[in-house]
Enquirer: 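Please read through the structure below; I'll follow up with questions.
Everything quoted here is computed from the prediction, not taken from an experiment.
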Amino acid sequence: MSPVLIRRVRLAAAFVLLTYLILHFSNHALGLISLDAMETGRRWFLAIWRNPLGTLALYGAITVHGVLALWLLYQRRSLRMPSWEAAQYGLGLVLPALLATHVVATRIAWWQVGTDDRYARVLLGYWVVAPERGIWQSITLTVAWIHACIGVHYWLRFRRWYPRVVVGLFAFALLLPTLGLVGYVAGGREVVALARTPGWREGLARVTHPPTPVESAALVQTRMRFLDAYLAALVGVLGARGIRRLWQRRRSIRVSYTGGRAATVPVGFTILEASRVAGIPHASVCGGRGRCSTCRVRVVHGLSDLPAAREAEQRVLARVGAAPDVRLACQTRPVRDVAVMPLLAPSTAPGDSLAADVRQGRERELAVLFADLRGFTRMAEHKLPYDVVFVLNRYFETVGTAITQAGGVTNQFTGDGVMALFGIDVGPAAGCRQALTAARAMVEGLAALSAELAGDLPAPLRIGIGIHAGAAVVGRMGWGQSFYLTAVGDTVHVAARLEQATKDYSAELVVSEDVGRYAGIDLSAFRRDDLEVRNRAGRVPIRVIARVTELR
């Protein structure tokens, strides 16, 4: 089974278990209303999970999730891992032992001897007969929820929309188990009060059919057999890992890193696992699951000897525009000695995981806008420096607001000019529409600013704007503390030339025909020309828009 398929099957099983846990906590929370409300909710809960399809889904998910967890534990070449991953593994491995008593006393007892595991009977056992079991049950629910929340967080954190909903999800993650446990306490206190009523326990026993001493002993044996089997499976996995390690020591490879450090590991280890075994810091935001690119390395020596990248690795590398000599350390298993250079610092944040190397960038189809304030240099000659700074800051505020509200990114403010990028994440079609919207807003904002400062300006402020769309390399570039998002390439060069052409045509806006094509708008009403661009073969078809307000 391929790693991708294993991950998808395990994820599907996890969804089933998470749904079960959410409904279970919700049912517990009804205890805040009454014990009867808990029982009513339980009937709906059982209607979902105790029919043949629900039973198959639930216990199939438990089996698949557990077996694959043990399989992945065996597959790991090193048990060194980030603390969050160690916590998730640890909590997941203790859960079966914690759940065994509860499952046997409820589901198995109902299945084997016909015991009705209604809330009143279960809470009586947890709050009156054996309170210590009630404490353990609360711990079990908490462990299961934390295990699930860690998994959900590290599954979703690479989604672009996740930062917008993470606060809400965190509130839900705190509120649901709190309500569930408080409801559990409220229901337990109600049962404690009922247990003092003469004849209540006897009446409950008549309708719930508790197991006889012989049946109870058989259920205990069932629980012990499960625990023995689980312990044997866990010991078997660890033993198999030990045997494999002894066998693999016969064949080792050396992974060398820039800076003189090296790791000697058995064949079969990934480069990331080699780093962990040797204690060499290595970025890996997703924990080595091939879901981010933070662990990527440049192969300095031995590239031709590496196994070909699988589909999942190829997809990630293509997404970040990686060079041919770049591989994901978590997916690459060298068979011969190799020398590598990690490309990201170990402290890389999740938000940077899909960004390209700051020196490498990533290619994107986008729209680039250049704008320049006309005649401002001559006007500034007759003004005090502080007055010039004031006007420039108001100008930059006006055009910057227009750009960001349209969905663009202000890239550079140089002198009285500005460069902006549109469509980095949404593509060139939306980017071109955003750029045209921003151009109109910039002109309208500048007219309003000119009216506001009319008493301090010799003439209204005028602007020239050029827009072009196409491929460009986008990345964070710079040095030291001065890194900023920018774009380079022919598209940027052409856009800058179009802005300069507004002077030649005495126009507010010059756009390439590519902009109209991407945006899906008809520019045939405007003057067409073919513009020559220095150091570029061929002319660029353009449209000249004398007044941006004419653009509909």
Enquirer: Can the ring centroids of H153 and Y162 be said to lie less than 6.0 angstrom from one another?
Expert: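 Yes, close enough.
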Enquirer: Taking the side chain from E39 and the backbone from A120, do they hold a donor-acceptor pair closer than 3.5 Å?
Expert: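 The answer is yes, because a donor-acceptor pair under 3.5 Å joins these two groups.
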Enquirer: Do R298 side-chain atoms and A323 backbone N/O form a donor-acceptor pair below 3.5 Å?
Expert: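 Checked: no pair found.
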Enquirer: Check each of V399, T398, V418 against I463 using the side chain to side chain contact (heavy atoms under 4.5 Å, CB included) test, and report the only one that passes.
Expert: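 With I463 as partner, V399, T398, V418 yield a single side chain to side chain contact (heavy atoms under 4.5 Å, CB included), made by V399.
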Enquirer: Does the side chain of S293 come under 3.5 Å of the side chain of R296 through a donor N or O and an acceptor N or O?
Expert: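 A pair is found: one side chain offers a donor N or O, the other an acceptor, under 3.5 Å apart.
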Enquirer: Evaluate the side-chain contact (heavy atoms from CB on, under 4.5 Å) criterion for residues T101 and T140: first the C-alpha distance (whole Å), next the side-chain angles of each, then the deciding distance (0.1 Å), finally the verdict.
Expert: CA-CA 11 Å; T101 299; T140 301; over 6 Å; no
Enquirer: Taking all non-hydrogen atoms of both residues into account, name the closest pair between R133 and A105 and its distance.
Expert: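 For R133 versus A105, the nearest heavy atoms are NH2-CB, 4.2 Å.
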Enquirer: Would you check if Y20 and L58 make a side-chain contact, meaning some heavy-atom pair closer than 4.5 Å?
Expert: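 Yes. Closest side-chain heavy atoms under 4.5 Å.
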Enquirer: Could you tell me which non-hydrogen atom of G41 sits nearest to which non-hydrogen atom of L30, and how far apart they are?
Expert: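 Heavy atoms only, the tightest pair is CA-CD1, 3.8 Å.
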Enquirer: I'd like to know whether R327 forms a side-chain contact (heavy atoms from CB on, under 4.5 Å) with V299, so could you lay out the CA-CA distance, the side-chain angles of the two residues, the decisive distance to 0.1 Å, and finally the verdict.
Expert: CA-CA 7 Å; R327 297 290 300 269; V299 182; 4.0 Å; yes
Enquirer: Flag the pair V103 / Y59 as yes when at least one side-chain heavy-atom distance between them is below 4.5 Å, and no otherwise.
Expert: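 Side chain of V103 against side chain of Y59, heavy atoms only: contact under 4.5 Å found.
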Enquirer: Is it true that the side chains of H282 and Y257 contain a donor and an acceptor less than 3.5 Å apart?
Expert: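 No, no side-chain donor-acceptor pair sits under 3.5 Å.
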Enquirer: Considering all heavy atoms of both residues, which atom of N51 and which atom of A47 are nearest to each other, and what is their separation?
Expert: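 Closest pair (atom of N51, atom of A47, distance): ND2-O, 2.7 Å.
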Enquirer: Report yes if some heavy atom in the side chain of V297 is under 4.5 Å from a heavy atom in the side chain of L343; otherwise report no.
Expert: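 A side-chain contact under 4.5 Å is absent here.
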Enquirer: Could you go step by step and tell me if T40 and R43 meet the side chain to side chain donor-acceptor pair (under 3.5 Å) rule?
Expert: CA-CA 5 Å; T40 301; R43 285 194 288 272; 3.3 Å; yes
Enquirer: State the CG-CG distance between L421 and L369, to the nearest 0.5 angstrom.
Expert: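 If we round to the nearest 0.5 Å, L421:CG and L369:CG are 9.5 Å apart.
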Enquirer: Find out whether the Lys NZ or Arg CZ of R10 is both under 6.0 angstrom from the six-membered ring centre of W71 and within 45° of the ring's axis.
Expert: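 Pair R10/W71 does not count as cation-pi.
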Enquirer: When rounded to the nearest 0.5 angstrom, what distance separates OG1 in T19 from CG in L23?
Expert: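 Separation between the atoms: 6.5 Å.
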Enquirer: Do L17 and I62 have side chains that get closer than 4.5 Å, going by heavy atoms?
Expert: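 A side-chain contact under 4.5 Å exists here.
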Enquirer: Using side-chain heavy atoms (C-beta onward) and a distance below 4.5 Å, is I465 in contact with I467?
Expert: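 Yes, at least one pair of side-chain atoms sits under 4.5 Å.
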Enquirer: Could you tell me if H468 and T491 have a donor-acceptor pair between their side chains, going purely by distance under 3.5 Å?
Expert: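 Result is no, nothing qualifies.
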Enquirer: When you compare the side chains of T115 and R107, does any donor N or O come within less than 3.5 Å of an acceptor on the partner?
Expert: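 Not at all, the side chains of T115 and R107 share no donor-acceptor pair under 3.5 Å.
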Enquirer: Can you check whether T106 reaches W110 side chain to side chain, under 4.5 Å on heavy atoms?
Expert: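 No, their side chains stay 4.5 Å or more apart.
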Enquirer: Report yes if the side chains of L234 and L73 come closer than 4.5 Å at any heavy-atom pair, otherwise no.
Expert: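 In short, these two side chains touch, coming nearer than 4.5 Å.
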Enquirer: Quick one: do L156 and L169 satisfy side-chain contact (heavy atoms from CB on, under 4.5 Å)? Show the steps, please.
Expert: CA-CA 11 Å; L156 292 179; L169 290 178; 4.2 Å; yes
Enquirer: What's the separation between atom OH in Y89 and atom CG in L72, rounded to the nearest 0.5 Å?
Expert: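 Answer for the OH-CG pair, Y89 versus L72, is 5.0 Å.
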Enquirer: I'd like to know whether F45 forms a side-chain contact (heavy atoms from CB on, under 4.5 Å) with H24, so could you lay out the CA-CA distance, the side-chain angles of the two residues, the decisive distance to 0.1 Å, and finally the verdict.
Expert: CA-CA 8 Å; F45 183 80; H24 202 42; 3.8 Å; yes
Enquirer: Name the orientation class of the two ring planes belonging to F15 and W155 (parallel below 30°, tilted from 30 to 60°, perpendicular beyond 60°).
Expert: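 Ring orientation, 0 to 90° scale: perpendicular.
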Enquirer: Nearest heavy-atom pair of A329 and C295: which atoms, and what distance?
Expert: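 Here A329 and C295 meet closest at CB-O, 3.2 Å.
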Enquirer: Between R276 and E273, is there a salt bridge with N-O shorter than 4.0 Å?
Expert: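 Result for this pair is no, no salt bridge flagged.
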Enquirer: Considering all heavy atoms of both residues, which atom of A438 and which atom of F422 are nearest to each other, and what is their separation?
Expert: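 Closest pair (atom of A438, atom of F422, distance): CB-CZ, 3.6 Å.
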Enquirer: If you measure only the distance, is there a donor-acceptor pair under 3.5 Å linking the side chains of H102 and Y126?
Expert: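 Their side chains do contain a donor-acceptor pair, which is all the 3.5 Å distance test asks for.
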Enquirer: Work out which heavy atom in A371 is nearest to a heavy atom in M442; give both atom names and the distance.
Expert: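 It is CB-CE, 3.5 Å.
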Enquirer: Is the backbone of E313 close enough, under 3.5 Å, to the side chain of Q331 for a donor and an acceptor to pair up by distance?
Expert: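 Looks like no, no N/O pair under 3.5 Å.
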Enquirer: Is a donor on one side and an acceptor on the other found under 3.5 Å between the side chain of N27 and the backbone of M38?
Expert: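 Checked: pair present.
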Enquirer: If only side-chain N and O atoms count, and only distance matters, is there a donor-acceptor pair under 3.5 Å linking Y518 with E365?
Expert: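 Side chains of E365 and Y518: pair found under 3.5 Å.
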Enquirer: Is any NZ, NE, NH1 or NH2 atom of the basic residue among D117 and R50 found under 4.0 Å from an Asp or Glu carboxylate oxygen of the other?
Expert: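 Result for this pair is yes, salt bridge flagged.
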Enquirer: Say you draw a straight line from CD of Q137 to CG of L181; how long is it, rounded to the nearest 0.5 Å?
Expert: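 Those atoms lie 9.5 Å apart.
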